*Asks:* 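Here it is, the structure in full.
Since we're looking at a predicted model, the values are computed, not measured. To find a chain, count down the sequence lines: A is the first, B the second, and so on, and within it residues start at 1.
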Amino acid sequence: MLDQKLIRENPTSVEERLSLRGKVFNISQINELTIKKKEIDIEICSLQSESKKLSKLIGKEIGKSQNNNSLELDNLKKKGNEYRIKISESEEKQRILDKQIQNEICNLPNFPSNDAPIGKDQNNNVELKTWGDPLIRDNLKSHWEIGESLNLFDSIKSTKISKSRFISLIGNGAKLERALINFMLDIHVNNGYLELMPPALVNSESLTGSGQLPKFANESFKCSNDDLWLSPTAEVPITSFHRNEIIDPKQLPIKYVAYSPCFRREAGSYGRDTKGLIRLHQFNKVELYWFCDPSKSLEAHQKITSDAESILKKLNLPYRLVDICTGDLGFSSSRTFDLEVWLPSSKCYREISSCSNCLDFQARRSSIRTKIDKKNTYLHTLNGSGLAIGRTMAAILENGQQSNGSVKIPDALVPYFGSNFLKPA
RNA sequence: GGAGAGGUGGCUGAGUGGUCGAAAGCGAACGACUCGAAAUCGUUUAAUAGGUAACUAUUCGUGGGUUCGAAUCCCACCCUCUCCGCCA
């Protein structure tokens with residue numbers, strides 16, 4: 001959520017900064033509503049003030065006189081009643097306006113950072129660096145072909161259980177998934193992160209707090225009997241872990257690493273990535289998350305990105321670092337670095353981690369503050385995948401494939417997986 | 001799921017219709033004393049919105065209602081605790 005004061009006092013600059021996202025945002029409507037609401041606020045405030053004075057007067061009068069039914073008192077009460085009616089009428093108007101305003105403001109995305117490359121869509125993203133040598137060879141198999149031949153997972157059977165875009169991991173496939181989760185968690189915990197295992201179901205307030213609601217209700221699964229949703233990312237429960245808190249600045253930065261299953265409806269992605277582990281309704285992810293002092297979030301952003309990168313390096317997977325352009329930024333993010341892993345079968349880099357600095361956008365929505373110079377100030381939140389497990393497995397299968405049909409397990413993962421190769425039965 | 005108890009400031013906890021935004025204690029901050037510290041004494045110490053400020057309003061789990069006036073009464077919901085049932 002953007003600062004309401006800023007929207008009110010500097011609408012032109014707000015519109016300009018938002019327009020970097022490549023869309024037109026109209027703030028004037030919000031401000032018209034805000035002006036109307038403010039007039040009513042002032043009216044209510046003075047009515048309440050009068051009514052309060054009157055009530056106190058009545059209290060005193062009753063205390064003084066024995067007969068509580070004097071004509072004077074009745075008149076005073078009548079007057080009070082008039083106040084009450086007026087106030088409740090105005091409050092009704094105020095409530096409606098406030099709801100409209102809140103809804104409009106909650107639908108505004110974060111400001112893109114001035115450092116982010118300006119651009120319209122993903123074609124304008126900027127490659128910052130590459131690491132490792134991409135495997136390029138003819139006759140390379142896709143990870144789903146490898147997975148099928150090694151009997152690591154089954155999507156057909158999973159369609160029977162659920163529907164398309166679900167997968168069951170089998171035998172070594174399941175073991176590899178487990179190994180990757182443990183491997184990543186251990187590294188991040190050793191690196192100063194506190195491990196968190198949050199609930200997988202989250203309420204609407206949590207989704208609103210991190211920016212998924214109200215705008216993206218279509219992208220999450222909802223439980224029909226409760227105000228609960230299947231969490232699309234651990235970013236949601238971690239943000240709300242500290243919702244409505246004022247955090248002691250001495251505790252900052254607070255760094256969490258969380259393994260969680262993630263559920264996404266993938267509405268509008270029909271026909272894309274229908275095979276394999278790339279785009280599923282349910283996938284596992286190890287997420288990194290920082291709550292930090294507002295003055296230190298730029299540094300933190302570099303750090304969280306390099307923490308995610310360290311996993312790819314340890315697994316010896318070729319990747320590149322991409323600076324997401326203003327038009328391609330996620331709703332809550334001001335700046336995002338994507339890590340994209342090399343997938344030889346499709347001869348391209350695919351997103352495996354997205355590291356975002358949300359500044360105070362989520363903190364304001366979730367009311368998470370810290371004390372700076374004795375003043376309560378919204379802190380900054382950052383999140384980054386460290387990494388998406390399914391896509392990591394796909395990358396390992398494709399990059400580690402051998403001509404004899406087996407797959408080489410990255411050395412760092414061997415202690416977790418228990419052997420050097422995945423071999424055909 | 002059934003029965004009961006309860007949700008008050010950073011924390012503990014009083015307050016059952018009228019200067020109550022809320023006693024007291026703890027904690028914290030500042031000052032005095034001290035070479036320094038502890039102890040002691042004094043002062044201060046909730047948030048949000050509007051305003052340069054004085055100030056005004058709102059907030060006692062949440063949302064409604066009664067009343068001139070609600071932390072206090074009524075209704076609904078949420079949450080916590082205890083007992084019972086069920087269950088991994």
*Asks:* Each nucleotide in nucleotides 43-61 of chain B should get exactly one letter: B, S or -. Can you fill that in based on protein heavy atoms under 4.0 Å?
*Replies:* ----SS-SS----SSS---
*Asks:* For A:E205, enumerate each residue passing the salt bridge (charged side-chain N to carboxylate O under 4.0 Å, His left out) test, keeping only those at least two apart in sequence or located in another chain.
*Replies:* A:R243
*Asks:* Pairs in or reaching into residues 146-170 of chain A: which pass salt bridge (charged side-chain N to carboxylate O under 4.0 Å, His left out), with residues at least two apart or in two chains?
*Replies:* none
*Asks:* For residues 279-308 of chain A, pull every pair meeting salt bridge (charged side-chain N to carboxylate O under 4.0 Å, His left out), keeping only residues two or more places apart or in separate chains.
*Replies:* A:E266-A:R279, A:D273-A:R279, A:K285-A:E287, A:K303-A:D307
*Asks:* Between B:U16 and B:U67, how far apart are the C1' atoms? Round to whole Å, please.
*Replies:* 16 Å
*Asks:* Is there any ring-ring contact (aromatic ring centres under 6.0 Å, His included) pair reaching into residues 218-238 of chain A, and which pairs are they, with sequence neighbours excluded?
*Replies:* A:F221-A:H281
*Asks:* Which pairs with one or both residues in residues 408-425 of chain A pass salt bridge (charged side-chain N to carboxylate O under 4.0 Å, His left out), sequence neighbours excluded?
*Replies:* A:K408-A:D411
*Asks:* Mind pulling the stems RNA chain B is in, i.e. runs of at least three Watson-Crick or G-U pairs, everything under 3.5 Å?
*Replies:* B:1-7 with B:78-84, B:10-12 with B:24-26, B:27-32 with B:40-45, B:46-50 with B:55-59, B:61-65 with B:73-77
*Asks:* Using the C1' atom as the point on both nucleotides, what is the distance between B:G18 and B:A70, in whole Å?
*Replies:* 10 Å
*Asks:* Which value, in whole Å, describes the distance between the P atoms of nucleotides B:C41 and B:G9?
*Replies:* 27 Å
*Asks:* How does each nucleotide of nucleotides 63-80 of chain B score, in 5' to 3' order, for protein heavy atoms under 4.0 Å: base (B), sugar-phosphate only (S), or none (-)?
*Replies:* -S--BBS-----------
*Asks:* Please determine, by modelled atom types, if A:E235 and A:S210 share a side-chain donor-acceptor pair under 3.5 angstrom.
*Replies:* no
*Asks:* Cut-off 3.5 Å, no hydrogens considered: what does the side-chain donor-acceptor table look like for residues 46-59 of chain A, sequence neighbours left out?
*Replies:*
from	atom 1	to	atom 2	distance (Å)
A:S46	OG	A:E43	O	3.1
A:S55	OG	A:S51	O	3.0

*Asks:* Could you measure between the two P atoms, the one in B:G27 and the one in B:C68, and give it in whole Å?
*Replies:* 46 Å
*Asks:* Quote, to the nearest angstrom, the C1' distance that separates B:G85 from B:A28.
*Replies:* 47 Å
*Asks:* For residues 361-393 of chain A, which residue pairs pass the ring-ring contact (aromatic ring centres under 6.0 Å, His included) check, not counting sequence neighbours?
*Replies:* A:F331-A:F361
*Asks:* Determine yes or no for a side-chain-to-main-chain donor-acceptor pair under 3.5 angstrom, with A:N203 supplying the side chain and A:S206 the backbone.
*Replies:* yes
*Asks:* Determine which pairs satisfy salt bridge (charged side-chain N to carboxylate O under 4.0 Å, His left out) with at least one residue from residues 99-113 of chain A, sequence neighbours left out, and list them in order.
*Replies:* none
*Asks:* Between B:A71 and B:U62, how far apart are the two P atoms, rounded to whole Å?
*Replies:* 12 Å
*Asks:* Using atom P in both nucleotides, what's the gap between B:A53 and B:U59 to the nearest angstrom?
*Replies:* 23 Å
*Asks:* Under the side-chain hydrogen bond (donor to acceptor under 3.5 Å, both in side chains) test, which residues partner A:K371, sequence neighbours left out?
*Replies:* A:N376
*Asks:* If I pick the C1' atom on B:U56 and the same atom on B:U52, what distance separates them, to the nearest angstrom?
*Replies:* 16 Å
